[in-house]
Every structure is written in C-alpha cells, then in structure tokens.
Protein chains: 2
Amino acid sequence: MVISARVHYACVAMLELAIRSDEGSPVAIREITDRHGVPGPFLVQILRSLRGLGWVQSVRGSQGGYRLSVDPATISLLDIAEAIGSQEVGCRTEGKRTPIAGILQAQWDDAADASRQVLGQATLSGLVERAQQGDASMFYI
Amino acid sequence: MVISARVHYACVAMLELAIRSDEGSPVAIREITDRHGVPGPFLVQILRSLRGLGWVQSVRGSQGGYRLSVDPATISLLDIAEAIGSQEVGCRTEGKRTPIAGILQAQWDDAADASRQVLGQATLSGLVERAQQGDASMFYI
DNA sequence: TTATACTTGACTAAAGAGATCATATTCATA
DNA sequence: TATGAATATGATCTCTTTAGTCAAGTATAA
C-alpha cells in the first residue's frame, strides 16, 4: 500500500477537521492550506472526494468551510486510504497460474494484510487524542 | 510496498533457478518465459539486474543460461523487492512539519514495517520447500 | 452590493511502469 | 572453422498515474 500525497493530505484534512469539530463554525480550506502547506486547488479536489463519501459537509458562502460529518471513532486511516484510492501491496500481474506464482501471491497477500491491519487500527479519534497529548512532539526534536 | 511486475518476475525467476539449482546445467531465459508467461526481453532486463547484484551467474553461448549463485536460504522476498526497486509503504511528501504530519508519518512507518517483516521472513529456500510439498495446489482449485 | 468561500470541469506536466527492438558478443558443436 | 543458440547492451517507446493548475460559476453573510 503506497500512501500517495493525495491520501496523506486527505488524512491531514480529516484530522484537522476532527480536532476542530467542537468549534461550531466550519473550517475554511485556506486555513488548512496555510497551516499544513497543502496546495490549495489540490486540497479542493480532495475535499470534494471526502464530501462525496459523506465524511465531510461543506458550507458555502462567506464564513463557509468544511465540517466533519461522521464520528471520528468510526473512520480509520485504512478507510481513508482505500476510499481516496491507494495501491494495494501486492501484484496485479496476471501471467500464468503456476505453483510459483501462487506461492508468491500468497506472500504478497500476507504482506498486504499486515499493513492493512496497522492502518485499520488507527482511528481518527485515537490519533486526535494522541495529538492533543503532545505525543507528536517527539518526532520533531 | 507495491509489488511491481518487475519485482514479481524477479522473484519468479529466482525461485525457478533455486528449484533447479541441482540440475547442473544453466537454465535458459526461454525456459522461464515459456513456463511462466513472462515477456522475454523484459525478463532479460531483470536478470541483468539480478546478475549485477551477484545473485545469479550467466553462461553465454550455446547451452548457456542462468544459474543461482547464492544460498537460497539467505535471500528473502524483501531483499529482492528492495534490490529490484519497489516503492515503500509510506509517503514522500514533505509539506510542513506539523504534529498532525508527524503522527501520520509514524503510522505510515508502522504499516511499512509490518509488511516488510512478512516479506523478510519469506526466504527462497522456505518457499522452494513449500512448492515441492505441493502446498501451492490449494491456490488453484 | 460586495467580499468571501465553495463548486465544477477541464487541463497539463512529470515520472514511472512495462515493455520492445536492433545489434553486438560468446561459445558448443558439427 | 562455420554456424546457430544463447546472452549482453543500449536506446527507445507507449501508457497510466500522480500531482497540481486554471478559469468561470454559485452561494451566503455582512
């Protein structure tokens, strides 16, 4: 599973919205791009996808922006990665169905499952909690 | 970690050579392409890389071909994937160093480690043993 | 009415994957 | 010593994906 910039940005946006979900007023795209250095028009695309999934709501007009519309405990990084579209660990090549190909395929599948399990356990609410406990500071000494 | 066709074919070739390493005579490229449906000129490229790594030897001329030149117990699928070049699970985007980015990065790294561990434990000799025990038949019912 | 902010759709540049081809070079064997 | 089988090497090509841009339109608060 390759984490593309698109998926990474989608996770950043979802986390930012989750953290600020108790503010009441929606969060403008501009605030996210400024704070996280995400290219503006690209983030627009991504938020549109998230809106299509029903995970965020948009508020148009002045004072508009985006707001989380799901329980952050129910969304994992795996959900976001799969929905936004990232490539699986594994192989799409067809080739011949030989025993060797079969054994290899089983290994690719096992590897994919291992990383999927890690990302599946990382819920937005869990990560927000960590962020608020300052757990992140250790990464930027 | 995305397993590209290149990596998959490299593993197929290494396994084929490992299985037939007691035959004495080298294995021709043609035999591998016929048996596994790998595009010929593409496999040539890949075997060249494997030769550069010192993992296979080539024998030129008539009756030539390739031969494994390392102990199959010392090479894992992870070694092949990394040497041939596959993308990591994870993210290369730089962006700003925010706490959110840091927390996400840690998750991408954890996921990468999980799949790397699976592939690191799969040695060529282990897979050959499985193949010879007919373990593969279950994948093609 | 005006500034702000989201909406929508089309568009482009760069990189990588997956090959393919032509032309050498080497060596066993007849 | 020809000859054919087999690898060696470098150049090239196409297709898809990724990342990012642009322009014109619409809605809303103040």
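Numbers restart at 1 for each chain; the letters A, B, ... are given by sequence-line order, proteins then strands.
Nucleotide dT7(C) holds its P atom 7 Å from the CD1 atom of Ile29(A), rounded to whole Å. The separation between Leu43(A) atom CG and dT8(C) atom P is 16 Å, rounded to whole Å. Taking atom CD1 of residue Ile46(A) and atom C1' of nucleotide dA19(D), one finds them 9 Å apart after rounding to whole Å. In this entry the distance linking CZ of Arg6(B) with C1' of dA15(C) reads 14 Å, nearest Å. One interatomic measurement links the two molecules: OH of Tyr66(A) to P of dC6(C), which rounds to 6 Å at whole-angstrom precision. For Arg67(A) and dA5(C), the CZ to C1' distance is 14 Å, given to the nearest whole Å.
Residues from residues 47-57 of chain B placing a heavy atom under 4.0 Å of any atom in DNA chain C do not occur.
If you check every strand for non-hydrogen atoms under 4.0 Å, Gly65(B) touches sugar and phosphate atoms only. In this structure, Pro39(A) reaches the sugar-phosphate backbone alone: every heavy-atom distance under 4.0 Å involves primed, P, OP1 or OP2 atoms, never a base. Val59(A) comes within 4.0 angstrom of the backbone, heavy atoms only, and of no base.
Here the CG-CD1 distance, from Leu119(B) to Ile3(B), works out to 5.5 Å after rounding to the nearest 0.5 Å. In this structure, CD in Gln121(B) is found 11.5 Å from CG in Leu77(B), a value given to the nearest 0.5 Å. Atom CD of Gln117(B) and atom OG of Ser76(B) lie 12.0 Å apart (nearest 0.5 Å). The structure places CZ of Arg20(B) at 4.5 Å from CD of Glu31(B), a figure rounded to the nearest 0.5 Å. Interatomic distance, Glu23(A) CD to Arg67(A) CZ, rounded to the nearest 0.5 Å: 10.5 Å. Taking CD1 of Ile32(A) as the reference point, atom CG of Leu17(A) lies at 4.5 Å (rounded to 0.5 Å).
A distance-only check finds no donor-acceptor pair linking the side chain of Asp113(A) to the backbone of Asp110(A) [under 3.5 Å].
For the OP1/OP2 pair of dA6(D) and a distance below 4.0 Å, the side-chain nitrogens and oxygens of Ser58(B) include no atom meeting the criterion. Phosphate proximity of dA19(C) to Tyr9(B): present, with a side-chain N or O under 4.0 Å from OP1 or OP2.
Between the side chain of Gln45(A) and the base of dT21(D) there is at least one donor-acceptor pair of N/O atoms closer than 3.5 Å.
Heavy atoms only, all atoms of each residue included: Ile80(A) and Ala10(A) are closest at CG2-CB, 3.9 Å.
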Which protein N or O atoms sit under 3.5 Å from an N or O of nucleotides 26-30 of chain C?
{"residue": "dT26(C)", "atom": "O4'", "partner": "Arg60(B)", "partner atom": "NE", "Å": "3.4"}
{"residue": "dT26(C)", "atom": "O2", "partner": "Gly61(B)", "partner atom": "N", "Å": "3.4"}

Would you be so kind as to tabulate the donor-acceptor pairs closer than 3.5 Å made by side chains of residues 37-59 of chain B, with sequence neighbours excluded?
{"residue": "Gln45(B)", "atom": "OE1", "partner": "Arg6(B)", "partner atom": "NH1", "Å": "3.2"}
{"residue": "Ser49(B)", "atom": "OG", "partner": "Gln45(B)", "partner atom": "O", "Å": "3.4"}
{"residue": "Arg51(B)", "atom": "NE", "partner": "Ser58(B)", "partner atom": "OG", "Å": "3.2"}

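For Phe42(B), taking side-chain heavy atoms from C-beta onward, the closest of the listed nucleotides dG18(C), dC21(C), dA19(D) is dG18(C).
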